[in-house]
A.B. asks: 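Questions regarding the structure given below will be posed in turn.
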There are 2 protein chains.
Amino acid sequence: MLGMQSSTPAPRATGRPRSAAADAAILAATREALVELGWSKLTLSDVATRAGVAKTTLYRRWAGKNELVVDAVAELFDELELPDCGTLGADIEGVVHQFAAILARPEAKSGLMAVVAESTRDEALRERIRASIVDRQKRLVLEGRARAQARGELPPETDESEASRTVDLIFDVVAGAVVHRCLVSAEPADAAWVHRFTTVLVAGLAAASAD
Amino acid sequence: MLGMQSSTPAPRATGRPRSAAADAAILAATREALVELGWSKLTLSDVATRAGVAKTTLYRRWAGKNELVVDAVAELFDELELPDCGTLGADIEGVVHQFAAILARPEAKSGLMAVVAESTRDEALRERIRASIVDRQKRLVLEGRARAQARGELPPETDESEASRTVDLIFDVVAGAVVHRCLVSAEPADAAWVHRFTTVLVAGLAAASAD
DNA sequence: TGGTTTCGCTACGAGTCGTAGCGTAATGGC
DNA sequence: GCCATTACGCTACGACTCGTAGCGAAACCA
């Protein structure tokens, strides 16, 4: 369940417990508001009304708009999974497809980019994004590599830090390219584009690892 | 000089002309405010004060915060140029270095991502970004390809639309990866990373174009 | 039942937004 | 040199959002 709620104030054994249903309703309402209003016109008052809770309840659980949207968007990426298509290239292509599908949704577009922009001046927020979204999905790269190694498509890594840098590079290239395609170029990451991109990436990795 | 100012209301031959010095002061003040305050806390009142102009002057020239920041950020990318390093790989590496250097500046980070986020719900703004920044820098890819063809590193393109799609792909991969590295991963795109990335990209393009 | 925490509601001061109105400054046409 | 036209600086304004405080009621545990 994500990286837990905002502050995680050491769940006390006494007193009235926080409503878990309210959490779900609030995050869903946040995504709904992102679709209808976008980031800039989204207000916490509006989210509270949509979720059927009081505005004060929101401020008790989240520090502000930024943290709330991070949690709301993070849930979107939890449905990502690595398909087993037989080859490394096909596996990557499958994940890129899923990733592109999520980024095609308006709540992901406006929400994700906005919090990333805010995170450039907020260290804590950047850490929250990393923990809730980035590192959480890096598992896909690790799993894909392990599978490719088991198939014999990739050699087992010798240098640990070297392998770690490769994972980071792959993640930056894949996530960055898809995001740029969907948001900046504003053109669909359709099957043809995904195939083309995946071909270049896999070929490049193979050639570079041969050094 | 960029894509001209906001509306370009058909420069009339009569009446008091708009101060060009004010334009420069306003855009510089906008970047300064982006550094000190970031996107969310930047107000047009503050920019006006910094630039030494009245708030109303800002609203007469730009529709709002979004358009102003696009123009202010676009100027940052105009200093990009393609170095002639002898090989395609080295040329690309040089441009990626410059791009990473610009994205390391705080006014570029917070400003660029914020307007991209806003553009997901504003077609006119997205078009403004494309005209002022994206398409404007795509010349680098075109120039690099032409140079590589002159050197014999790349074959002359046969299919026009095919070549166009390749340019778009390269741009998405390069810009996307660097942005993701600098903003989301929040780690420096240093020489080692740039070299590594460029190697994978060039190798991938070479292998893919061999099909 | 008593202690503790959450929840819904209301109200509030502080701050920002974008615009209107007015007098003044700077240009070109005659 | 005068006039029409446009830009500029300044002030003031209503509308809106923000985040918080204070209260009584509800839900849980011992």
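Just so we're on the same page: letters track the sequence lines, and every chain starts at 1. Just so it is clear, the model here is predicted, and its values are computed rather than measured.
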A.B. asks: What is the distance from CZ of Arg18(A) to P of dG8(C), rounded to the nearest Å?
C.D. replies: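 Those two atoms, CZ and P, are 12 Å apart.
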A.B. asks: Would you check if Glu67(A) and Val115(A) make a side-chain contact, meaning some heavy-atom pair closer than 4.5 Å?
C.D. replies: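 Glu67(A) does not reach Val115(A) side chain to side chain.
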A.B. asks: Please tabulate, one pair per line, each protein N/O and nucleotide N/O from nucleotides 22-25 of chain C that are separated by under 3.5 Å, including the distance.
C.D. replies:
unit_1: dA25(C); atom_1: N3; unit_2: Arg16(B); atom_2: NH1; d: 3.2

A.B. asks: Under a 3.5 Å distance rule, please check whether Gln137(B) uses its side chain to pair with a backbone N or O of Phe77(B) as donor and acceptor.
C.D. replies: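 Flag set: sc Gln137(B) to bb Phe77(B) pair under 3.5 Å.
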A.B. asks: Only distances under 3.5 Å count here; give the side-chain donor-acceptor pairs of residues 166-184 of chain B to other protein atoms, sequence neighbours excluded, each with its distance to 0.1 Å.
C.D. replies:
unit_1: Thr166(B); atom_1: OG1; unit_2: Arg196(A); atom_2: NH2; d: 2.5
unit_1: Thr166(B); atom_1: OG1; unit_2: Glu162(B); atom_2: O; d: 3.1
unit_1: Asp168(B); atom_1: OD1; unit_2: Lys138(B); atom_2: NZ; d: 3.0
unit_1: Asp172(B); atom_1: OD1; unit_2: His180(A); atom_2: ND1; d: 2.7
unit_1: Asp172(B); atom_1: OD1; unit_2: Ser185(A); atom_2: OG; d: 2.7
unit_1: His180(B); atom_1: ND1; unit_2: Asp172(A); atom_2: OD1; d: 2.7
unit_1: Arg181(B); atom_1: NE; unit_2: Pro188(B); atom_2: O; d: 3.2
unit_1: Arg181(B); atom_1: NH2; unit_2: Pro188(B); atom_2: O; d: 3.2

A.B. asks: In whole angstroms, how far is the C1' atom of dA7(D) from the CG atom of Asp23(B)?
C.D. replies: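 Going from CG in Asp23(B) over to C1' in dA7(D) covers 12 Å.
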A.B. asks: Check the pair Leu27(A), Arg31(A) against side-chain contact (heavy atoms from CB on, under 4.5 Å), reporting the backbone distance first and the verdict last.
C.D. replies: CA-CA 6 Å; Leu27(A) 292 177; Arg31(A) 287 187 289 269; 4.1 Å; yes
A.B. asks: Just by distance, do the side chain of Thr43(A) and the backbone of Asp46(A) share a donor-acceptor pair under 3.5 Å?
C.D. replies: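 Judged by distance alone, yes, a pair lies under 3.5 Å.
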A.B. asks: For Glu79(B) and Gln98(B), which I'm curious about, is there any donor-acceptor pair between the side chains at under 3.5 Å?
C.D. replies: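 No, because no side-chain N or O of Glu79(B) sits under 3.5 Å from a partner of the opposite role on Gln98(B).
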A.B. asks: Are Lys65(B) and Trp39(B) in a cation-pi setup, meaning NZ or CZ lies under 6.0 angstrom from the ring centre and within 45 degrees of the ring axis?
C.D. replies: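 Yes.
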A.B. asks: Between the protein and nucleotides 14-20 of chain C, list the N/O to N/O atom pairs that are separated by less than 3.5 angstrom.
C.D. replies:
unit_1: dG18(C); atom_1: OP2; unit_2: Tyr59(B); atom_2: OH; d: 2.5
unit_1: dG18(C); atom_1: N7; unit_2: Lys55(B); atom_2: NZ; d: 3.3
unit_1: dG18(C); atom_1: O6; unit_2: Lys55(B); atom_2: NZ; d: 3.1

A.B. asks: Counting C-beta onward and ignoring hydrogens, is there a side-chain heavy-atom pair between Val53(B) and Ile26(B) closer than 4.5 Å?
C.D. replies: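 Val53(B) reaches Ile26(B) side chain to side chain.
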A.B. asks: OP1 or OP2 of dA30(D) sitting under 4.0 Å from any side-chain N/O of Thr14(A)?
C.D. replies: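 For Thr14(A), the contact criterion (side-chain N or O under 4.0 Å from OP1 or OP2 of dA30(D)) is not met.
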A.B. asks: I need the CD1-C1' distance between Ile26(B) and dA7(D), as an integer number of Å.
C.D. replies: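 Whole-Å distance recorded here is 12 Å.
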A.B. asks: To the nearest Å, how far apart are Leu58(A) CG and dT17(D) C1'?
C.D. replies: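 Whole-Å distance recorded here is 15 Å.
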